[in-house]
Every structure is written in structure tokens, then in C-alpha cells.
Amino acid sequence: DTTLAQRFDSAIRPSLTRDRNTFDYIGGMIRIPEGATPDIKNRSYTLTADVVVPDGGASGVIATQGGRFGGWGLLLLEGRPVFVHALSNQEQHKYQVAAEAELAAGSHTIRVDFAYDGGGIGKGGDVSISVDGEEVAEGRIDRTIGTRFSLDETFDVGRDTGTPVIEDYTAPFEFTGTIDRFTIELE
């Protein structure tokens with residue numbers, strides 16, 4: 001049987017996420033397998049995190065899927081919102097779009113918009129990050145994961161239970177603020 005790669009595609013299996021476009025999660029939801037998560041590959045999407053930053057600031061994983069060898073993450077690194085994408089474990093395949101300013105204490109809405117280039121699988125796209133409705137960063141991801149993030153890493157909200165997507169943090173890198181809601185919207 002020469003269809004091994006095709007059979008690894010979680011899109012061909014029965015799924016509770018199929019035909020849905022909006023998915024809400026709360027902090028602490030971890031170890032969700034890829035087949036039970038929204039399929040953000042090869043399309044445009046929006047990530048929205050409603051968070052509370054305590055006095056003194058916050059850091060950590062807001063949400064992540066996959067890891068070092070392929071995945072994405074929305075993080076607060078040194079208090080700054082950062083979106084990361086890893087096509088592989090090679091440095092040239094690690095992409096980051098980061099805000100310059102730290103988030104102040106209080107409630108914030110962090111939004112990441114990814115506009116996929118289209119035209120096939122694994123293409124790139126443009127990323128913008130906004131905080132409380134104001135754009136704070138924009139950037140480009142040249143290539144994205146086209147078929148599967150990982151066979152053994154999962155989707156996590158509030159910490160990373162696998163390998164880090166980028167080497168700027170050490171898992172589990174638990175979020176030190178509060179995640180009221182994390183939403184994925186598929187286009």
C-alpha cells in the first residue's frame with residue numbers, strides 16, 4: 001500500500017470540527033490531538049485571545065500546536081505578543097512576528113490575522129497582530145505546514161506540553177496571566 005502519507009492526513013477521518021468555523025477554548029485546555037482541532041492549514045484564519053495581565057506583567061504560551069519540528073504558537077515573550085510558526089527545526093524555517101511593547105496590566109484582546117496566499121498547500125501568508133483593536137505588529141511567513149503539524153504533539157492553551165515551537169522559551173512555559181477565552185476563526 002503506497003498511501004501511507006495520504007492516510008496520515010487527519011482531514012480524511014471523521015471529525016467533530018468539520019464544517020465549523022469558530023472554536024472557543026479556555027486556559028488550561030491541553031493535549032488536544034490534531035484531528036480534534038480546527039484545521040488552520042492552507043487557509044486564512046484569525047486567533048483571538050482575551051487575557052488578563054497581572055501587575056508586574058505576564059509571559060508564557062497563550063496557545064500552541066505542534067512543536068520544534070513544525071507548529072505555531074501565540075505567546076507573550078517578555079510581555080510582548082508574539083506569533084511564531086515553525087516549518088521545520090531549521091533556523092531558516094522559524095518565523096516570528098512580534099510586537100515591540102509589553103502589555104500593561106489589565107484586560108486585553110490580542111488578535112492575530114493570517115491572510116493565506118492561496119494557490120496550493122504550504123504557501124505563505126501575511127500576519128498582523130493587534131492589541132485592543134490597534135495593530136502592533138505585521139510580518140510575513142514565507143512557507144507554512146501543508147499537511148500535518150505533528151504525529152505526537154498536540155494543541156495546548158495556557159502552556160506547551162511538548163517541544164517548544166521556537167528556542168526562545170522552554171516548555172511548558174505556562175502563561176502567568178489569565179486566559180479568559182481563546183478563539184480560532186477559520187475563513
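Here the structure is a predicted model, which means the values were calculated and not measured.
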Using atom types as modelled, flag every donor-acceptor pair under 3.5 Å from a side chain in residues 115-129 to any protein atom, sequence neighbours excluded.
residue : atom : partner : partner atom : Å
Y116    : OH   : N42     : OD1          : 3.3
Y116    : OH   : G120    : O            : 2.5
Y116    : OH   : G122    : N            : 3.2
Y116    : OH   : K123    : N            : 2.9
D117    : OD1  : R140    : NH1          : 3.2
D117    : OD2  : R140    : NH1          : 3.3
D117    : OD2  : R140    : NH2          : 2.4
D126    : OD1  : R140    : NH1          : 3.3

Drop me the distance from [X]'s [atom1] to [Y]'s [atom2], to the nearest 0.5 angstrom.
X    : Y    : atom1 : atom2 : result
I40  : E34  : CD1   : CD    : 9.0 Å
E187 : D113 : CD    : CG    : 7.5 Å
H93  : D142 : NE2   : CG    : 9.5 Å
T109 : E134 : OG1   : CD    : 13.5 Å
I145 : H85  : CD1   : NE2   : 5.0 Å
D168 : E78  : CG    : CD    : 8.5 Å

Sub-4.5 Å side-chain heavy-atom contact between [X] and [Y]:
X    : Y    : value
T147 : K41  : no
I30  : T154 : no
L77  : I166 : yes
F114 : V97  : no

Qualifying residues under ring-ring contact (aromatic ring centres under 6.0 Å, His included), relative to [X], sequence neighbours excluded:
X    : answer
F182 : none
F83  : none
Y95  : none

Can you name the residues that form a side chain to side chain contact (heavy atoms under 4.5 Å, CB included) with [X], not counting sequence neighbours?
X    : answer
P172 : R159
D1   : T3, R7
L103 : V53, L76, P81, H108, I110, V131
Q92  : Q90

Write down the atom of [X], the atom of [Y], and the distance for their closest heavy-atom approach.
X    : Y    : result
R43  : L186 : NH1-CD1, 3.6 Å
T48  : T46  : OG1-CG2, 3.8 Å
Y169 : P164 : OH-CA, 3.3 Å
A98  : A137 : O-CB, 3.4 Å
V157 : G27  : CG1-CA, 3.8 Å
G35  : T17  : O-OG1, 4.4 Å

Can you list every pair that meets ring-ring contact (aromatic ring centres under 6.0 Å, His included) and has a residue in residues 117-141, with sequence neighbours left out? none
Examine [X] and [Y] and state if one hydrophobic cluster contains both, with Ile, Leu, Val, Met, Phe, Trp and Tyr joined whenever side-chain heavy atoms are less than 4.5 Å apart.
X    : Y    : result
F175 : F155 : yes
Y45  : Y25  : yes
L74  : V51  : yes
F173 : L47  : no
I32  : I26  : yes

Donor-acceptor under 3.5 Å (R181 side chain, D50 main chain): no
Using only atom types and a distance under 3.5 Å, with no angle test, would you say the side chain of Q96 pairs donor to acceptor with the backbone of V82? no
Atom CD of E138: over 12 foreign heavy atoms under 6.0 Å: no
Around E135, counting heavy atoms of other residues, nucleotides and ligands shown, do more than 12 lie under 6.0 Å from its CD? yes
If you look only at distance, which donor and acceptor atoms sit under 3.5 Å apart when one is on a side chain in residues 57-73 and the other is two or more places apart or in another chain?
residue : atom : partner : partner atom : Å
T64     : OG1  : W72     : O            : 2.8
Q65     : OE1  : W72     : NE1          : 3.0
Q65     : NE2  : T37     : OG1          : 3.1
R68     : NE   : E167    : OE2          : 2.7
R68     : NH2  : E167    : OE1          : 3.1
R68     : NH2  : E167    : OE2          : 3.3

Suppose we screen for side chain to side chain donor-acceptor pair (under 3.5 Å). Which residues come up paired with S150, at least two apart in sequence or across chains? D152
Residue list, side chain to side chain donor-acceptor pair (under 3.5 Å) with E185, at least two apart or on another chain: none
